[in-house]
Amino acid sequence: MTGPPSENAEDRLVKAREQLKLLRTATHSGSPEKGPTAASGGQSGRGAGTADEERVKATAAKGRLAGLELDPRAMRSSPEELGAHIATAANAALDDLRAQAKPADTEPTVDQAALVQSLRDVQEQGMRQMALINQSIGEALAKARASIR
């Protein structure tokens, strides 16, 4: 009996299973779109930003503004200036948080389309091998029946 080596199919199936396991792990642990956390790659899980000579301090965590500290001297600014300083500090904190999360974003991701195609290929190869095995068994049975007659 000749046909594609079963080792090739087994290797491909093992690789497909590993990719599927990675995909499941990524799905259960949360995706990067949900925001960086200390567990998903952020160094400290918090970003910090300042404005107005550090009179306005902001912290960010999990992709959101987590805290805001205003020095009493910052309150002397006009509401428009204070609002601008708060926005600047908040954006700096969020930028800092994103910068910390970049190493996590560079981790390899599972290409779902490639995984599905790989699984289909393994399945098709398995079906071809089963057909060859079935054909060989049929031929062997035919020979056995012919020798009995």
Side-chain angles (χ1 to χ4, degrees), residues 1-140:
M1 172 175 79
T2 62
S6 62
E7 181 178 289
N8 185 25
E10 289 176 25
D11 289 343
R12 292 175 64 190
L13 185 56
V14 167
K15 288 179 185 176
R17 284 182 177 160
E18 288 172 0
Q19 288 178 334
L20 187 57
K21 185 177 178 182
L22 286 173
L23 179 62
R24 285 182 179 154
T25 302
T27 302
H28 292 300
S29 66
S31 63
E33 292 84 23
K34 290 185 179 179
T37 65
S40 68
Q43 293 170 349
S44 66
R46 298 185 78 77
T50 62
D52 192 24
E53 299 176 1
E54 296 192 4
R55 291 183 185 121
V56 178
K57 297 177 183 179
T59 55
K62 297 182 182 180
R64 301 184 56 96
L65 187 61
L68 183 64
E69 294 179 35
L70 300 175
D71 186 292
R73 293 175 290 169
M75 302 302 286
R76 296 179 189 153
S77 302
S78 70
E80 293 81 17
E81 288 176 331
L82 182 58
H85 294 313
I86 291 171
T88 299
N91 286 330
L94 291 168
D95 289 343
D96 183 36
L97 186 62
R98 283 187 203 104
Q100 292 177 28
K102 285 192 181 189
D105 294 342
T106 60
E107 291 179 8
T109 58
V110 176
D111 182 358
Q112 293 181 10
L115 177 60
V116 168
Q117 186 58 46
S118 179
L119 289 172
R120 283 185 184 143
D121 292 346
V122 169
Q123 183 181 20
E124 288 173 10
Q125 187 172 2
M127 294 300 287
R128 286 191 299 270
Q129 288 177 337
M130 287 302 294
L132 288 172
I133 291 170
N134 192 27
Q135 180 182 357
S136 296
I137 290 172
E139 290 171 0

Nearest heavy-atom neighbours spanning Leu70 and Met75: CD1-SD, 3.9 Å
Distance (rounded to the nearest 0.5 Å) between Lys57 NZ and Asp71 CG: 8.0 Å
Side-chain touch Val56/Leu68, heavy atoms, less than 4.5 angstrom: yes
Exercise: do Gln125 and Asp121 side chains pair donor with acceptor under 3.5 Å: no
Nearest heavy-atom neighbours spanning Leu82 and Ala74: CD1-O, 3.8 Å
Side-chain donor or acceptor of Ser118 paired with backbone N/O of Ala114 under 3.5 Å: no
Least distance between heavy atoms, Gln100 atom then Arg46 atom: NE2-O, 2.9 Å
Value rounded to 0.5 Å, distance of CD in Gln117 from CD in Glu124: 7.0 Å
Whether Asn91 side chain and Ala87 backbone form a donor-acceptor pair below 3.5 Å: yes
From Arg76 atom CZ to Asp52 atom CG, the distance as rounded to the nearest 0.5 Å: 11.0 Å
Least distance between heavy atoms, Ala58 atom then Ala93 atom: O-CB, 3.6 Å
CD/Glu139: more than 12 non-hydrogen atoms of other groups inside 6.0 Å: yes
Ala92 to Gly49 - nearest heavy-atom pair and separation: CB-CA, 3.7 Å
Approximate separation, where rounding is to 0.5 Å, of Arg128 CZ and Gln123 CD: 11.0 Å
Distance, nearest 0.5 Å, that separates CE of Met130 from CD1 of Ile137: 7.5 Å
